[in-house]
Amino acid sequence: MRCSGCGECCRETEMELSSDDVGRLVDAGYRPEDFIVFRGGVPRLRNVDGWCYFYNLAEKKCRVYRIRPLGCRLYPVVYVEGKGVALDELCPMKHTVSKGEFRRKARILKKLLEKIERERVLR
């Protein structure tokens with residue numbers, strides 16, 4: 001996929017986080033209470049003024065790009081309730097995702113969502 005750097009994926013994010021995602025960010029020095037909000041028993045990235053906590057609006061860059069959550073790495077492959085795995089319609093570069101890349105990311109996304117669900121049940 002080619003990214004245009006538009007930041008649409010960082011606007012009003014509802015990105016779910018696994019324990020691995022949280023651990024990586026905490027190990028980098030971030031406090032969970034600063035970047036996590038819980039909805040439905042699932043930790044998600046917090047939004048600040050409509051943008052992901054980690055998005056630097058002035059520079060139009062992710063402050064944690066190298067260690068960003070797995071769901072962010074898989075974008076624009078997302079899970080849509082009632083539809084399943086799909087390409088996010090908001091992404092202007094979704095057309096650059098090859099069929100092979102989509103299938104690979106879809107498999108990873110399904111495993112990630114299963115892991116997050118298992119972790120939710122254990123909370």
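Sequence positions, counted from 1, serve as the residue numbers for this chain.
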Sequence neighbours excluded - side-chain hydrogen bond (donor to acceptor under 3.5 Å, both in side chains) pairs with any residue from residues 70-91
Tyr75-Asp88
Flag yes if [X] and [Y] sit in one hydrophobic cluster, no otherwise; membership is Ile, Leu, Val, Met, Phe, Trp, Tyr, and two members link when side-chain heavy atoms are under 4.5 Å apart.
| X | Y | answer |
| --- | --- | --- |
| Leu87 | Leu70 | yes |
| Ile67 | Val26 | yes |
| Leu25 | Phe38 | yes |

Please tell me if the side chains of [X] and [Y] come closer than 4.5 Å, counting only heavy atoms from C-beta onward.
| X | Y | value |
| --- | --- | --- |
| Leu113 | Glu16 | yes |
| Pro76 | Val97 | yes |
| Met93 | Ser4 | yes |
| Val85 | Val78 | no |
| Arg44 | Arg39 | yes |
| Tyr55 | Val48 | no |
| Leu45 | Cys72 | yes |

Please round to the nearest 0.5 Å and tell me the distance separating atom [atom1] of [X] and atom [atom2] of [Y].
| X | Y | atom1 | atom2 | value |
| --- | --- | --- | --- | --- |
| Leu74 | Lys110 | CG | NZ | 12.5 Å |
| Glu114 | Ser18 | CD | OG | 13.5 Å |
| Asn56 | Cys62 | CG | SG | 9.5 Å |
| Asp21 | Phe35 | CG | CZ | 9.0 Å |

Can you see whether Tyr53 has Arg63 sitting over its ring - NZ or CZ less than 6.0 Å from the centre and within 45° of the normal?
yes
Set out, in order, the CA-CA distance, both residues' side-chain angles and the distance that settles side-chain contact (heavy atoms from CB on, under 4.5 Å) for Thr13 and Trp51, then state yes or no.
CA-CA 7 Å; Thr13 183; Trp51 295 92; over 6 Å; no
Looking at [X] and [Y], does any basic side-chain N land under 4.0 Å from a carboxylate oxygen?
| X | Y | result |
| --- | --- | --- |
| Lys115 | Glu119 | yes |
| Asp27 | Arg24 | no |
| Glu8 | Arg11 | yes |

List the atom of Met1, the atom of Cys91, and the distance in Å for their closest heavy-atom pair.
CE-SG, 3.8 Å
Could you check whether atom CD of Glu117 has more than 12 heavy atoms from other residues, nucleotides or ligands sitting under 6.0 Å from it?
yes
Tyr65/Phe54 aromatic ring centres below 6.0 Å
no
